[in-house]
Amino acid sequence: MEPRKFFSLLLGVTLALTPINGAYDKERDALLKGTFPQDFIWSSATAAYQIEGAWNVSDKGPSVWDTLAHQGRVYNQDTGDVACDSYHKYPEDVALMKQMGLKYYRFSISWPRIFPTGEQQDGVNQDGVRYYNALINELIANDIQPMVTLFHWDLPQVLQDRYGGFLNNHTTNTTVIHDLFGDYARFCYQNFGDRVKYWITFNEPWITSWLGYGVGNFAPQHNEPAEGQYKAAHNIILSHAKAYHIYDDEFRAAQGGQVGITLNCDWGTPKTPADADAALRYVQFFLGWFAHPIYKNGDYPEVMKTTMARKAQEEGRTTSRLPEFTPEQKLSISGTGDFFGLNHYTTVEVTDACCTPIENPNYDTDKDVGTGHAPDWPRAASSWLYVVPWGIRNLLGFIKEEYGDPEIYVTENGRSDHDQDPAIMMDMERICYYMMYTNEVMKASNMDNVKVKAYTAWSLLDNFEWLSGYSERFGLHYVDFNDPTRTRYPKASSVFFKQLVRNNGYPEGSEFTKYVENMWYFCHNTTEAEVNGYTGGASQISSLFSLFLAIPMMIAYSLIA
Ligand SMILES: *[C@@H]1O[C@H](CO)[C@@H](O)[C@H](O)[C@H]1NC(C)=O
Ligand SMILES: *[C@@H]1O[C@H](CO)[C@@H](O)[C@H](O)[C@H]1NC(C)=O
Ligand SMILES: *[C@@H]1O[C@H](CO)[C@@H](O)[C@H](O)[C@H]1NC(C)=O
Ligand SMILES: *[C@@H]1O[C@H](CO)[C@@H](O)[C@H](O)[C@H]1NC(C)=O
């Protein structure tokens with residue numbers, strides 16, 4: 001580690017002492033000791049556009065995110081042109097995972113890097129195929145299993161131009177985007193499926209639909225807030241089902257893998273008991289929109305259909321803005337998930353039909369809910385990311401009850417901090433986040449019998465955080481984006497995560513668990529320390545003590561890294 005980084009690491013200690021203003025509930029937030037099931041999957045995740053760079057090498061086609069970034073729409077006019085340069089530096093990425101003891105890696109394939117126009121008949125980019133083969137082989141050689149996302153938002157620009165992308169507005173062919181996504185999925189199964197056993201069709205279709213085709217601030221920037229999101233979601237669900245059946249019919253017998261989808265959802269907690277229905281409605285419109293058709297019965301949630309029908313009446317429309325599936329489509333969608341992929345970061349406080357969009361800018365007129373956050377929830381660098389660890393346990397319990405107890409893979413969870421000088425290398429707040437959230441996941445697994453099979457940290461590396469560019473950092477490893485070689489440096493959280501994986505949780509009596517016990521009160525900021533028999537002073541001392549434990553750990557790590 002170069003001296004500059006070393007000093008920024010030490011200075012980071014000061015920043016780590018920044019108060020974390022959390023509320024602490026003795027029973028709800030207590031540390032659970034124990035371990036995850038033996039076969040539990042620990043993983044970390046990235047996405048193609050956020051890390052690969054090499055946006056125009058060989059025949060790669062432009063994606064809708066290349067277009068958006070080149071229009072200067074991202075904070076600081078950042079782009080993913082180079083990003084972490086993982087297209088060239090993937091062996092280093094794999095070495096970092098190996099160093100951490102990770103046995104799984106979730107990454108995404110860029111559709112336009114494989115088919116430059118999105119359509120196989122227009123040509124295949126063999127260099128793209130070579131790149132993913134090399135990455136997968138490097139992982140396998142290092143005993144790391146690939147979990148591959150087929151679509152992480154980087155739609156080929158040509159498909160947006162030809163068919164409106166997921167609006168699927170070809171004049172005669174009503175299934176064109178479903179078929180083209182199916183062709184792309186088939187090509188990936190054919191070429192990589194001998195080694196890839198975990199497939200995720202879509203990452204967070206809520207984002208693509210709502211922000212990409214409704215609000216239009218995310219690529220492909222289609223602004224049609226009344227209907228765009230519902231049309232896009234409808235076609236994404238049908239495309240997912242298509243890709244699932246292709247695997248089922250043509251590959252499952254020979255390859256024996258699994259196919260699922262990754263849905264994102266914030267937990268919605270009612271602000272008052274009177275807001276309980278609104279909170280449920282919030283979660284149904286968010287998660288149920290996709291999960292109900294795929295994991296339940298092929299159709300949208302009842303509350304979504306009735307609410308949208310009432311809206312249509314109020315708006316004087318003859319049909320609902322929420323499209324309908326045909327009976328055949330319902331049959332083909334239902335049950336198309338071998339596992340339930342979940343991305344979760346935060347919780348919101350939900351208020352029933354409280355006000356108008358003018359009174360509350362977070363008011364959602366389709367759901368009839370307002371959202372906010374409790375004053376004592378600490379916030380990460382990202383404006384939307386409040387740290388509410390118990391939210392994930394509630395959400396996992398909801399999924400178990402609502403969707404027939406599926407196997408759940410947490411495919412993303414993590415915390416951002418700011419891009420600042422000196423760099424935050426002693427990222428105690430990220431350590432606290434992983435500590436508290438994974439402990440809540442363990443409660444869901446071991447106390448609530450939720451079938452949680454995997455936990456995936458977002459992210460392996462600092463990377464291109466969409467509209468925020470490089471101004472928000474989620475990485476277990478620091479990347480210097482001003483350094484042409486994009487050197488990676490381990491943050492303290494990578495040391496913590498390595499220990500967590502090695503211990504498979506928080507086993508009674510281990511050194512690691514003792515460290516966590518010392519940190520627990522610091523992480524939750526218990527000023528009400530007397531509740532737990534500690535004084536405020538003692539809690540401060542224990543947290544300082546933990547920091548001094550962390551520093552030698554960090555230094556030892558950076559020497560061997
Ligand atoms: C804990 O939170 C309170 C208020 O929420 C704040 O005043 C205090 O400084 C915090 N203490 C620590 C040690 O973070
Ligand atoms: C690729 O894009 C970079 C800018 O990011 C540019 O300098 C380079 O000339 C381009 N290469 C090709 C082959 O178009
Ligand atoms: C399809 O959508 C695109 C993108 O919004 C638009 O430019 C195009 O005109 C649409 N085509 C049809 C046939 O509606
Ligand atoms: C629609 O387009 C897809 C993709 O090009 C093609 O496979 C399919 O045969 C087309 N369907 C019809 C009815 O033309």
Side-chain angles (χ1 to χ4, degrees), residues 41-52 80 83-84 86 93 96-97 100 102 104-108 144 146-149 151-154 198 200 202-208 260-267 340-347 379-389 391-392 395-396 408-419 424 427 429-438 440-441 452-479 488 490-494 496-498 500-501:
I41 293 172
W42 294 97
S43 182
S44 74
T46 61
Y49 188 69
Q50 293 177 280
I51 66 161
E52 283 177 1
C84 304
S86 287
D93 297 347
L96 296 175
M97 291 177 242
M100 286 176 67
L102 290 175
Y104 291 83
Y105 177 42
R106 175 178 176 238
F107 65 92
S108 80
I144 299 170
M147 312 175 97
V148 175
T149 310
F151 183 85
H152 202 123
W153 307 354
D154 46 357
Y198 299 90
I200 294 162
F202 286 86
N203 176 73
E204 303 189 355
W206 187 94
I207 295 274
T208 307
I261 188 168
T262 277
L263 307 177
N264 62 310
C265 189
D266 301 344
W267 178 241
F340 192 117
L342 176 70
N343 287 0
H344 173 81
Y345 289 88
T346 195
T347 288
R379 210 198 88 182
S382 313
S383 60
W384 50 271
L385 208 174
Y386 289 85
V387 181
V388 192
I392 197 169
L395 180 56
L396 289 167
I408 304 173
Y409 291 32
V410 176
T411 42
E412 283 182 29
N413 181 236
R415 184 195 193 284
S416 56
D417 44 35
H418 290 288
D419 175 39
I424 306 178
D427 52 342
E429 293 184 336
R430 180 167 298 104
I431 289 177
C432 287
Y433 185 98
Y434 283 134
M435 186 188 288
M436 298 186 294
Y437 270 79
T438 56
E440 292 298 322
V441 173
V452 199
K453 307 295 281 184
Y455 178 89
T456 312
W458 182 271
S459 175
L460 177 68
L461 304 169
D462 290 339
N463 58 44
F464 178 87
E465 179 52 22
W466 310 110
L467 290 185
S468 304
Y470 300 103
S471 68
E472 292 172 14
R473 293 174 174 270
F474 276 89
L476 291 159
H477 297 90
Y478 180 87
V479 180
R488 287 94 159 108
K491 301 183 193 173
S493 57
S494 71
F496 173 82
F497 204 75
K498 176 181 185 162
L500 175 59
V501 174

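The chain is numbered in sequence order, starting from 1. What's counted below: heavy atoms across the whole structure, side chains too, no hydrogens, waters or symmetry copies.
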### Task
Describe, in one word, how the ring planes of F497 and Y455 are oriented to each other, choosing from parallel (under 30°), tilted (30 to 60°) and perpendicular (over 60°).
tilted

### Task
If the plane angle is over 60° it's perpendicular, under 30° parallel, otherwise tilted; pick one for W466 and F464.
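The arrangement is perpendicular - the two ring planes meet at more than 60°.
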
Taking C-beta and beyond as the side chain, do [X] and [Y] meet within less than 4.5 Å on heavy atoms?
X: Y437; Y: I392; value: yes
X: I431; Y: M435; value: yes
X: R106; Y: N203; value: yes
X: F107; Y: V148; value: yes
X: L460; Y: Y105; value: yes
X: E465; Y: S416; value: no
X: C84; Y: R488; value: yes
X: W153; Y: Y49; value: no

Please round to the nearest 0.5 Å and tell me the distance separating atom [atom1] of [X] and atom [atom2] of [Y].
X: T346; Y: R415; atom1: OG1; atom2: CZ; value: 10.5 Å
X: F474; Y: Q50; atom1: CZ; atom2: CD; value: 9.0 Å
X: M147; Y: Y198; atom1: CE; atom2: OH; value: 6.0 Å
X: S493; Y: L476; atom1: OG; atom2: CG; value: 4.5 Å

I'd like to know if the side chain of [X] and the backbone of [Y] have a donor-acceptor N/O pair within less than 3.5 Å.
X: Y433; Y: G414; answer: yes
X: N413; Y: H344; answer: yes
X: R473; Y: V479; answer: yes
X: T456; Y: V410; answer: yes
X: T149; Y: I200; answer: no
X: R430; Y: C432; answer: no

### Task
List the steps, then state whether side-chain hydrogen bond (donor to acceptor under 3.5 Å, both in side chains) holds for N343 with T411.
CA-CA 5 Å; N343 287 0; T411 42; 2.6 Å; yes

#### Entry: Stepwise side-chain contact (heavy atoms from CB on, under 4.5 Å) check, D419 with Y470
CA-CA 7 Å; D419 175 39; Y470 300 103; 5.6 Å; no

### Task
Please name all residues satisfying salt bridge (charged side-chain N to carboxylate O under 4.0 Å, His left out) with E204, sequence neighbours left out, ordered by chain then number.
none

#### Entry: Carboxylate-amine/guanidinium contact D462 K491, below 4.0 Å
yes

